[in-house]
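Below is one structure, written out as structure tokens; comments come after it.
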Amino acid sequence: MIFQENMPIYVQIANDIKDQIISGRLEDGDKLNSIREYTLTYEVTALTMQRALGLLEGEAVIETKKGVGSFVKPGVREVLKVKLVEELVRDFIARATNMGITGEEIIDWVKEGINHA
């Protein structure tokens, strides 16, 4: 994984794991790799991985069982999909509005896009 400079690495790793859940590569109840395995995969320190997993746990994406490991929380995939789409829509509307595009024009473009999808 190539990390961006404008965002903390642990956040990028957490987002990558969320993407794995959204795409179905990680499913409800799946056990995540160990911190050691992830440090090798992402080529980061154990502290960075702990921060990434701590972020995911704080966002209720995973649950950690002491001595057993971390697991994908059941039902979180749908929650993540909704959050991601909401974020994309808000960003799209903000950018279009900043370009002077009206709400009506945005709606028309979205409808047209859906019809051509």
Side-chain angles (χ1 to χ4, degrees):
M1 179 171 181
I2 298 171
F3 297 111
Q4 302 170 9
E5 292 182 19
N6 62 344
M7 184 185 302
I9 292 173
Y10 75 96
V11 172
Q12 294 177 63
I13 292 170
N15 287 341
D16 186 57
I17 293 171
K18 287 181 204 176
D19 288 344
Q20 291 176 41
I21 294 168
I22 290 170
S23 71
R25 288 179 285 164
L26 285 172
E27 297 184 5
D28 286 357
D30 278 357
K31 184 176 181 184
L32 274 60
N33 291 335
S34 69
I35 288 178
R36 181 167 164 36
E37 290 169 318
Y38 275 134
T39 60
L40 297 172
T41 299
Y42 290 108
E43 298 179 347
V44 296
T45 66
L47 179 60
T48 298
M49 264 327 298
Q50 287 172 332
R51 291 181 79 185
L53 295 178
L55 179 62
L56 292 171
E57 191 165 21
E59 293 178 355
V61 173
I62 64 170
E63 52 192 354
T64 301
K65 299 175 184 173
K66 289 282 186 199
V68 181
S70 298
F71 300 84
V72 176
K73 281 190 98 169
V76 78
R77 181 175 185 218
E78 290 305 314
V79 172
L80 289 175
K81 284 169 49 176
V82 168
K83 283 183 182 179
L84 178 60
V85 170
E86 287 175 346
E87 183 179 309
L88 290 170
V89 168
R90 279 193 304 272
D91 184 54
F92 168 71
I93 291 170
R95 292 174 120 196
T97 302
N98 286 339
M99 289 188 277
I101 299 170
T102 67
E104 239 177 63
E105 290 173 313
I106 293 169
I107 291 169
D108 289 342
W109 285 1
V110 169
K111 285 180 182 176
E112 187 177 320
I114 290 170
N115 289 335
H116 290 98

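- Annotation: the span from Phe71 atom CZ to Asp28 atom CG amounts to 13.0 Å, rounded to 0.5 Å.
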Pair Ile106-Thr97, side-chain contact (heavy atoms from CB on, under 4.5 Å): steps then yes or no: CA-CA 9 Å; Ile106 293 169; Thr97 302; 4.1 Å; yes
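- Contact between Ala52 and Ala14 at its shortest, heavy atoms only, is O-CB, 3.9 Å.
- Annotation: side chain of Ile9 is not in contact with side chain of Tyr42 (no heavy-atom distance under 4.5 Å).
- For Lys83 and Glu86, the salt-bridge test fails: no basic side-chain N is under 4.0 Å from an acidic carboxylate O.
- Side chains of Gln12 and Asp16: no donor on one and acceptor on the other come within 3.5 Å.
- Proximity of Val44 to Phe3: side-chain heavy atoms (C-beta onward) are separated by under 4.5 Å at one or more points.
- Leu32 has its side chain within reach of Val72: a pair of non-hydrogen atoms, C-beta onward, lies under 4.5 Å apart.
- Between Ile17 and Leu53, the closest side-chain pair of non-hydrogen atoms falls below 4.5 Å.
- Of all heavy-atom pairs between Ser70 and Thr64, the closest is OG-OG1, 2.8 Å.
- Inspection of the Ser34 and Arg36 side chains reveals no N or O donor paired with an N or O acceptor under 3.5 Å.
- The side chain to side chain contact (heavy atoms under 4.5 Å, CB included) with Tyr10 is formed by just one residue from the set Met49, Gln50, Arg51; it is Arg51.
- Annotation for Met7 and Val11: closest pair SD-CG1, 3.6 Å, computed over non-hydrogen atoms.
- Side chains of Asp91 and Glu87 form no contact here, defined as non-hydrogen atoms less than 4.5 Å apart.
- A distance of 13.0 Å separates NZ in Lys31 from CG in Leu26, rounded to the nearest 0.5 Å.
- Remark: Glu59 CD to Leu80 CG distance equals 8.0 Å, nearest 0.5 Å.
- Of all non-hydrogen atoms in Pro74 and Glu63, the two that sit nearest each other are CD-OE2, 4.0 Å.
- Taking the side chain as every heavy atom from C-beta outward, Leu40 and Asn33 never approach each other to under 4.5 Å.
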